[in-house]
Amino acid sequence: MDLQIILNTFASDVFRKQADHDYIAARANYRMRLRQQFLWSAHQAVEKYLKAILLFNGKSARFYTLAGKTKKHEFGHNLDALFSEVKKIVMLKIEIEREDEKFLSYLSRQGGANRYLSTSAYNTSDAIHRLDRLVWHIRRYCQYIADRGYGCLEAIPGMQEAVLRSITDPSKKATPHLFALVGGELETVIKRDQKDAARKALVWANLWYGKKKRFHVVYDSFSSSEIPPNEREWTGVDWKQIEEYVKP
């Protein structure tokens, strides 16, 4: 069986589908004001989208090597390393706005590395919209861009370039709700009954995903912060002893 077919199956069925579910869960957690759960689910969604892109392009979603080195490193939950590898895919020429890159790094620190509240945690009131924008921009590339039609033995000149032009067409940003991935889970959820819980979590206050274009949304936002025990101003604590019970 062709390796790329296997990788595409993992990319769509394991990574992209689960990322879509994580994204919906993140939005639901935000609405319930569950900060760390929102950050973790948001991180997991972006991580899996990036890994799906790597697989769709025949790249490892597990290992990477540093410039000039041969030793393999595991990505783990490092979003910055994942996005760096995605940017190396010459055909895609993927670019996101600087603010989106900053939010990606924020999720890597606060969602992945801080899932056990090992350091001070916080989120801003616009976090959900920053997540929506980041997901929409990255998720567009979560598909296999074929160079030939189904059953064709020869590549069709310009086919991949045409697909990429449709992905990066600036006009798509004006009507983001019209962009759809074939077989995408979000697209399936949007078509469900309006009372469906997953659909409500997805389209609530969402400027990027839904059945119609939205110019503005009104919703109850929240921001919060928390300092973990190991960063509180306690005196006389033997942290070496504490480390026998829990990793601060």
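Scope of the values below: all heavy atoms of this structure, side chains included, with no hydrogens, waters or symmetry mates.
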Is [X] reaching over with its side chain to a backbone N or O of [Y], donor-acceptor style, under 3.5 angstrom?
X: N230; Y: S118; result: yes
X: S60; Y: F63; result: yes
X: Q110; Y: S120; result: yes
X: K213; Y: A174; result: yes
X: H43; Y: L39; result: no
X: T9; Y: I5; result: yes
X: N29; Y: A25; result: yes
X: R115; Y: W40; result: no
X: K172; Y: S166; result: yes

So which atom in [X] and which in [Y] form the shortest heavy-atom distance, rounded to 0.1 Å?
X: H77; Y: S108; result: O-OG, 3.9 Å
X: N123; Y: S223; result: O-CB, 3.2 Å
X: D196; Y: A198; result: OD2-N, 3.1 Å
X: R140; Y: I167; result: NH1-O, 2.9 Å
X: K211; Y: H177; result: O-CD2, 3.7 Å
X: A127; Y: F38; result: CB-CE2, 3.7 Å

Report the hydrophobic cluster partners of [X], with the cluster defined as I, L, V, M, F, W, Y residues connected by side-chain heavy atoms closer than 4.5 angstrom, directly or transitively.
X: V237; value: W234, W239, I242, V246
X: I156; value: M159
X: M32; value: L34

Tell me, yes or no, whether the heavy-atom count around [X] atom [atom1], taken from other residues, nucleotides or ligands under 6.0 Å, exceeds 12.
X: F10; atom1: CZ; result: no
X: Y116; atom1: OH; result: no
X: E161; atom1: CD; result: yes

So, taking the atom named [atom1] in [X] and the one named [atom2] in [Y], what distance separates them when rounded to the nearest 0.5 Å?
X: K102; Y: D100; atom1: NZ; atom2: CG; answer: 11.0 Å
X: I128; Y: R27; atom1: CD1; atom2: CZ; answer: 4.0 Å
X: L202; Y: D20; atom1: CG; atom2: CG; answer: 8.5 Å
X: K212; Y: I190; atom1: NZ; atom2: CD1; answer: 13.5 Å
X: F56; Y: K51; atom1: CZ; atom2: NZ; answer: 15.0 Å
X: Y30; Y: S41; atom1: OH; atom2: OG; answer: 14.5 Å

Requested in this report: Might you work through the side-chain contact (heavy atoms from CB on, under 4.5 Å) test for K88 and S84, ending with a clear yes or no?
Outcome: CA-CA 7 Å; K88 292 178 183 178; S84 178; 4.3 Å; yes
Requested in this report: Decide whether Q44 and E47 meet the rule of one side-chain donor and one side-chain acceptor closer than 3.5 Å.
Outcome: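 Side chains of Q44 and E47: pair found under 3.5 Å.
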Query raised in the report: Side-chain donor-acceptor pair under 3.5 Å between N8 and Q4, yes or no?
Result: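 Indeed, the side chains of N8 and Q4 share at least one donor-acceptor pair under 3.5 Å.
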**Report entry** Carboxylate-amine/guanidinium contact E226 R35, below 4.0 Å
**Finding:**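 The answer is yes: the pair qualifies as a salt bridge.
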Please examine the side chains of [Y] and [X], heavy atoms only from C-beta on, and report whether any two atoms are closer than 4.5 Å.
X: I94; Y: I89; result: no
X: I96; Y: R133; result: no
X: R109; Y: S105; result: yes

**Report entry** By ring-ring contact (aromatic ring centres under 6.0 Å, His included) - contacts of Y219 (at least two apart)
**Finding:**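 In terms of ring-ring contact (aromatic ring centres under 6.0 Å, His included), with neighbours along the sequence ignored, Y219 is linked to H129, W204.
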Requested in this report: Begin with the C-alpha distance, continue with both residues' side-chain angles, and end with the deciding distance and a verdict on side-chain contact (heavy atoms from CB on, under 4.5 Å) for L181 and R16.
Outcome: CA-CA 11 Å; L181 290 176; R16 190 181 69 193; 4.0 Å; yes
Query raised in the report: Under the side-chain contact (heavy atoms from CB on, under 4.5 Å) criterion, do Y209 and V135 qualify, and how do the steps go?
Result: CA-CA 10 Å; Y209 289 100; V135 165; 4.0 Å; yes
Would a single hydrophobic cluster contain both [Y] and [X], if residues Ile, Leu, Val, Met, Phe, Trp and Tyr are joined by side-chain heavy-atom contacts under 4.5 Å?
X: I145; Y: I6; answer: no
X: Y49; Y: L7; answer: no
X: I138; Y: F15; answer: no
X: V163; Y: Y144; answer: no
X: V14; Y: L82; answer: no

Query - Contact list for residues 180-191, test side-chain hydrogen bond (donor to acceptor under 3.5 Å, both in side chains), sequence neighbours left out - result: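 Of all non-adjacent pairs touching residues 180-191, those that pass side-chain hydrogen bond (donor to acceptor under 3.5 Å, both in side chains) are H21-E185, R139-E187.
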Query raised in the report: According to the side-chain hydrogen bond (donor to acceptor under 3.5 Å, both in side chains) rule, which pairs have a member within residues 62-72, sequence neighbours left out?
Result: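 As it turns out, the side-chain hydrogen bond (donor to acceptor under 3.5 Å, both in side chains) pairs with a partner in residues 62-72, which skip direct neighbours, are R62-E74.
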Report task. Check the pair V217 / L207 against side-chain contact (heavy atoms from CB on, under 4.5 Å), numbers first and verdict last. Result -> CA-CA 7 Å; V217 291; L207 292 168; 3.9 Å; yes
Report task. Walk me through it: do N114 and T119 pass the test side-chain hydrogen bond (donor to acceptor under 3.5 Å, both in side chains)? Result -> CA-CA 6 Å; N114 201 27; T119 189; 5.5 Å; no
Requested in this report: Measure from the ring center of Y106 to the ring center of Y122 and say whether it is less than 6.0 Å.
Outcome: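 That pair passes the under 6.0 Å test.
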